[in-house]
Structure formats: structure tokens, C-alpha cells
S.K.: 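The structure under discussion is supplied below as C-alpha cells; questions concerning it will follow.
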Amino acid sequence: MRIYRLLPVLLGLLLFSCRPKERADLLIYNAKVYTVDSAFSVVSAIAVRDGKVLATGTDADIRGKYESGEVLDAGGKAVYPGLIDAHTHFVRYGQSLFTAPLYGSESFEEVVRRVKEFAASHPGQAWIQGRGWDQNKFPGKSFPDNSLLNEAFPSTPVVLGRVDGHALIANAKALELAGVKPGQTIEGGVVETKNGRLTGVLIDNAERLVQRVTPRPTAAQWAEMLDAGQNNCFGEGLTTVTECGLDKDNVEMLDSLQKAGRVKMRVYVMLSDNPGNLRYYIPRGPYKTDLLYVKGVKAYADGALGSRGACLLSPYVDKPGWLGFLLSSKAHYDSLAAMLAGTDFQLCTHAIGDSANRVILQIYNKYLKGANDKRWRIEHAQVIDSADFDLFGKASIIPSVQPTHGTSDMYWAGERLGARRLRGAYANKQLLRQNGWIPLGTDFPVEDISPFKTFLAAVFRVDAKGYPSGGFQMENALSREEAIRGMTIWAAKADCLETEVGSLEAGKSADFIILDRDLMSVGQGEVLQTKVEGTWVRGKKVFGR
Ligand SMILES: [Zn+2]
């Protein structure tokens, strides 16, 4: 009797297995595939063809329907969409890999020592550049002056960027070549002068005085820098990065390296807010290829909290009477918004302080006029007055946040802001509630490139040392699912790329990663041990252990 009941099933199986299978370029099975579709579905297999996701489903579905010369048993491991960083300085990061690494220096003496070591191992450089110092890590936490640097390098110009890129210190030779004079003033910047002499510290717009005379990399150096940068990104599972501020010549260089196959990283670009870029791109509209999308315009409302350049509504607690400053006039931001409102470009404005955020939120609201799909963004949205949160949701403004900024700044942000303002700072969950979604990024090279540090900071609100136990302002922690969406589909949406990347669904680019442990269940203490076992972009493996 039993066999009769099984007959239709057996017949079905026979027919199914006789049906010719469709060709695929790659099949992955026995995996835990987080598709990050709208239901956050988990499947076990995925088929890829022509660089795109062909189908996802159970092992039986996918292996029954498709065949491929390349079949991969994932051994039960987690597969996620390729990670997307919603705020980076990808080009500057590549460059920084070829300059003196000053990150984590605990004194200015250590900075100078590291620069000397770099100079000794890279002889013959006309200019010595470095990046990553942070006076908040030095004893006394005050800005250094350049006397030690002048002694060590009397005749070679030296320029060292602060960790956040919002200040630098230059030696006397570099200042002389740039023609910087004591007491010089500049809108949106500070040329630090003490007792009638330059200290070498240049803040925000004043940095340009020296930057405009530093040598530009050659085309070959460019390619080498981007290569090094993208390889590190692929090793961390990043397949798309959001580049926050490039000029036309850099965009064209990137485009040509992508077209030549040298750069395989997908890049969304925000153009730097300057007349040359706007004059060229605005009449032409956004520029798009398979790997490049130039659709944003990046403006800076203020500086950073670390260098007290963030523009606050009431004075810094640790610098009485000082409010920070806007980098341009309100009229400038208003006219930029007025111009872009009639185009397909996204306006993306850096705003850290509560005053800067209010100015930009009000201007955005004025032109966006209620709910819309223009996807204008505020980068960082770091300190928000409690009265202003609603201005995000009212005009569908995207708060683009970097969870590791919170866990880096928490050591001293309270000294700058005081307890009341600190509650409205790094408020990721409160900002998520505004539109129901939020993109996450790192701002690398300001922070480390690791998306796992972003996940740890977003979900557990601790830094790499696990500090503070119990987490920093946990009311603003995201769930694991929210953090993963923030690093995939929501980041894609903030870049207007959600129909192409950010989830593993049929028709989308086959950008995905295999991890050695699963972010949806890994213990807090193990998050940073997560290793990427393989990274694929458009169905091609670009990294593997
Ligand atoms: Zn940035």
C-alpha cells in the first residue's frame, strides 16, 4: 500500500531530475544566506550568472534547477550581501597608506619619532606627509606646536593631518613655502598664532593654505594607492564605498581605473562643493557606470568636535565663550540647496554641532517641503538639539551616521558638551526612528575601515577594547538586524543604489561575502575576531583566504 502512496512523489522526482538544468556560473549551497530582503529571509543556497544573483532558495531548489562548473559547499557558514560603507574618504584612505601612520600616537614626541622613522625608510621625498594624530590622546590634550618638528626637519616641508582631517600641523618650512603669515585670517578656519608666531596648527579652511602647495600624486601613484585601499576593503568584506568629496579630475581618474579593470570597488561619489565641480556636473546630471555613481554634492557646515570646530548653539563646556563656527555663510548653504532642489543630485552636508545641524535641517526643510524621495543627507548628524530631531522625518532627510565616532569620542565628548547635550549626541536609534531606516559608515580614514567595529559600536556601543562595560548610552543601540541593514540595504538606499546592491535578490549584483562566524549570533567579545573568508563582486572573487 505504502508504495502506491509514494508513487506520485517518485514520479515527480523523476520528472524533475530529467528536466534539463539551467546554466549558472556559480552555485553556493549549505550556507546560511542572509538575503537582507524586506523580510530579512534566510536561505541556504544561491545561484549566480553573468555577475548577478540568479536565484536564492533551499539547497534542493537551487541544485535541482541549476548546474555550474563551479559549486561551492559553504560548510554552513554565513553569507551576507557585500558590505557598504555609507561614509568614507576612499581616495584619501588609499593615499594615507603611503604616508607616515600617526594613528594612536600618545604624545607629540611619539608623532615626531614616527615621522622620522617614516622619512628614514622613504628617503628622497620632497614633502613628508602623515596622518592620524589626535591631541586628545596626548598628555594635557592641547594642540601641539611645531618646534620639535622644525628641529627634526629644518629644510624639508612636513604636513601632518589630524585624525579627523579637520586640522593639520605643518613645520616652518611648509608654512614658508605656502606663504602662511602669523595672524592671517580665513573664513571658516583658524591659523593658530601664539605670541606673534605660527604654531603650525591650521584648522578647517586654513588647511587649504598648505594643501594647495603640496605635490599631487602621479597617475601611477594614484593607481597604486587605490589598489592598496580597495584590497584592504575587500579583505574586510566591503564591496561598495561612499566617497564623500571628490573633484572632477579625481572622479575621472577613478572612472578610468574602473574601466581598465584596475579598480573593482563600486563607488558612489559626492562631489566637493566648489564652483568648478558644480559648473561641470550640474548641467549634465548624475554620471553613472556599472561601478561608479556620481550623484551627490558634499558640503561642510562645520568642523569636528575633536578640534572644537563643531558649531554649537551654546558654548563649549571646556572652552567658555567659544561656539565653534560655520565653514561658510548661511546664505551659501541656502543658495546651494536652492540650486540642487531642481536637479537629481543629492545634497549631503557634513554637520556635527547642534547649531550646524539646525541650520542645515532648516534649509533642507525649506526646499524639500515635506515628505519626498530626494534623499538629501546630513553626514554625521552628531549632536542634535532635542527640538530638532523631527526635522529629519518631516522632510525625509537621511541621517548618515558612523557608530564608531560615538565610541571614539565618548572619552572626551562629555567634557566638550556637558551631560545634557551628550544625551542628544550619537543618537543612532533616535535618528533611525525618524524615517524607519538609517545608513551606517565609518568615515575612514578618520576611523578604522573595519565594518565589524561599526557593528560592535552600533549594537553593543563599546569600542575595540570592550569599553565601557554595558555600553555607552545604550538607549541608542541598534538591533543586530538594524545594524546589518544599515551596512547593506539602507546604505545602498542612501546612495540610491538599492535596486542594484545591498541585498541578495534575483537580478541584483552578485556582491557577497562569506564570514567565519555569524554576526546575527556571535557573542560581543568575538565580534572583532570575525574573519572574511571570501568576497565576491559581480560574481567574481576579489578576496579569499
Ligand atoms: Zn567624512
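Note: hydrogens, waters and symmetry copies are ignored here, and every other heavy atom, side chains too, is used. The first residue of the sequence shown is numbered 1, and numbering continues consecutively from there. One-based numbering, in listed order, for ligands and for the atoms of each.
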S.K.: Would you say H87 reaches the Zn ion (ligand 1) with an N/O/S atom under 2.8 Å?
M.R.: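 Coordinating: yes.
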S.K.: Would you call D409 and R416 a salt bridge, using N to O less than 4.0 angstrom?
M.R.: no
S.K.: The Zn ion (ligand 1) is nearest to which N, O or S atom of D443?
M.R.: OD1
S.K.: For Y280, is the NZ or CZ atom of R284 found under 6.0 angstrom from the centre of its six-membered ring and inside 45 degrees of the ring axis?
M.R.: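 Satisfied, under 6.0 Å and within 45°.
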S.K.: Apply side-chain hydrogen bond (donor to acceptor under 3.5 Å, both in side chains) to the pair H380 and Q402, showing each step before the final yes or no.
M.R.: CA-CA 6 Å; H380 313 305; Q402 301 74 37; 2.7 Å; yes
S.K.: Taking both backbone and side-chain atoms into account, decide whether C244 has an N/O/S atom under 2.8 Å from the Zn ion (ligand 1).
M.R.: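 Of the N, O and S atoms in C244, none lies under 2.8 Å from the Zn ion (ligand 1), which means no.
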S.K.: Under 6.0 Å from the CG atom of D344, do we count more than 12 heavy atoms belonging to anything else shown?
M.R.: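 Incorrect, the count does not exceed 12.
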